[in-house]
Amino acid sequence: MPLYAIIHFKEVKNMEEPIRLQQHLSLFRTCAGWTSKDLADRLDVSRQSVSAWENYNADGNKKGVKMTVIQYYAIRKLLDDEIAHDLADNTGRRNQHILGTLLEVLVDHPEKYTSEDVNAALAEAQLMAPSIMKQPERRESVSKVWPALLAGCGVALSSALIAILGHGQD
């Protein structure tokens, strides 16, 4: 049974969230250090399903399949679990996490950020993603330099940092 079929989910606050996640699914997956097969295995779907989600374009310029809300929640849960796992392994020190920052800026609250902030976050993540894929075990060390890289770009993400630092303290 696919993981997304058994996940208990809450109501989507904003129906644009699944679309925004899907638009950047390849980047999220890469920043998590997962191949498309890794993500497919975690969701108990085919690699072709992941590829179809990543190739979907709401404008119709690419072939692909739009994710369902349940699939969105399954992927979101995997990403949230990955963030929580990395933060827990950090022995109490909570650093801003690359995946958490991207979720905040691109999916959860993009309205809080300027287009320059969004573009800078995307550019930095796209620069870092290939090295994460080559050595996924180094994602934690990449996440430690992530805030400094964003600060160097002039990206004001203080609310993202607060959101990430507050994540998991409930």
Please report the interatomic distance OH(Y73) to CG(D80), rounded to the nearest 0.5 Å. 10.5 Å

Just verifying a value: how many Å separate Q71 CD and L25 CG, rounded to the nearest 0.5 Å? 10.5 Å

Quick one: side-chain hydrogen bond (donor to acceptor under 3.5 Å, both in side chains) partners of N55, sequence neighbours excluded? S51

Working note: E104 + K112, criterion side chain to side chain contact (heavy atoms under 4.5 Å, CB included); need CA distance, chi angles, decisive distance, verdict. CA-CA 9 Å; E104 167 70 17; K112 292 182 179 179; 4.2 Å; yes

Shortest non-hydrogen separation from I83 to G100 and the atoms involved: CD1-N, 3.4 Å

List in chain and number order the residues that pass side-chain hydrogen bond (donor to acceptor under 3.5 Å, both in side chains) with T114, two or more places apart in sequence or in another chain; answer none if no residue qualifies. E116, D117

So which atom in Q22 and which in M67 form the shortest heavy-atom distance, rounded to 0.1 Å? OE1-N, 2.9 Å

Measuring from atom CG of L39 to atom OG1 of T30, what distance do you get when rounded to the nearest 0.5 angstrom? 10.0 Å

Would you say the side chain of Y72 lies within less than 4.5 Å of the side chain of V107, judging by non-hydrogen atoms? yes

Just to verify, what does Q23 make a side-chain contact (heavy atoms from CB on, under 4.5 Å) with, not counting sequence neighbours? I19, R20

Below 4.5 Å, heavy atoms only, C-beta onward: do E111 and E16 meet side chain to side chain? no

Residue from L102, L106, L79 passing side-chain contact (heavy atoms from CB on, under 4.5 Å) with L21: L79

Considering only heavy atoms from C-beta outward, does the side chain of Q48 approach that of V65 to under 4.5 Å? no

Look at D81 together with K77 and state whether they make a salt bridge at an N to O cut-off of under 4.0 Å. yes

Report yes or no: do L27 and L103 belong to one cluster of Ile/Leu/Val/Met/Phe/Trp/Tyr joined by side chain heavy-atom distances under 4.5 Å? yes

Residues passing the salt bridge (Lys or Arg N to Asp or Glu O under 4.0 Å) test with K66, sequence neighbours excluded, are none

Locate the shortest heavy-atom distance separating V45 from W53; write the atom from each residue and the value. CG2-CH2, 4.1 Å

Heavy atoms, side chains only, cut-off 4.5 Å: are F28 and I75 in contact? no

Considering non-hydrogen atoms only, spot the tightest contact between R29 and S36 and give its length. NH1-N, 3.3 Å

ILVMFWY network linking L122 to L99, side-chain heavy atoms under 4.5 angstrom: yes

Can you name the closest pair of heavy atoms from G33 and D38 and give their distance? O-OD2, 4.0 Å

For the CD atom of E82 and the CD1 atom of I98, what is their distance to the nearest 0.5 Å? 12.0 Å

Suppose we screen for side-chain hydrogen bond (donor to acceptor under 3.5 Å, both in side chains). Which residues come up paired with S49, at least two apart in sequence or across chains? S46

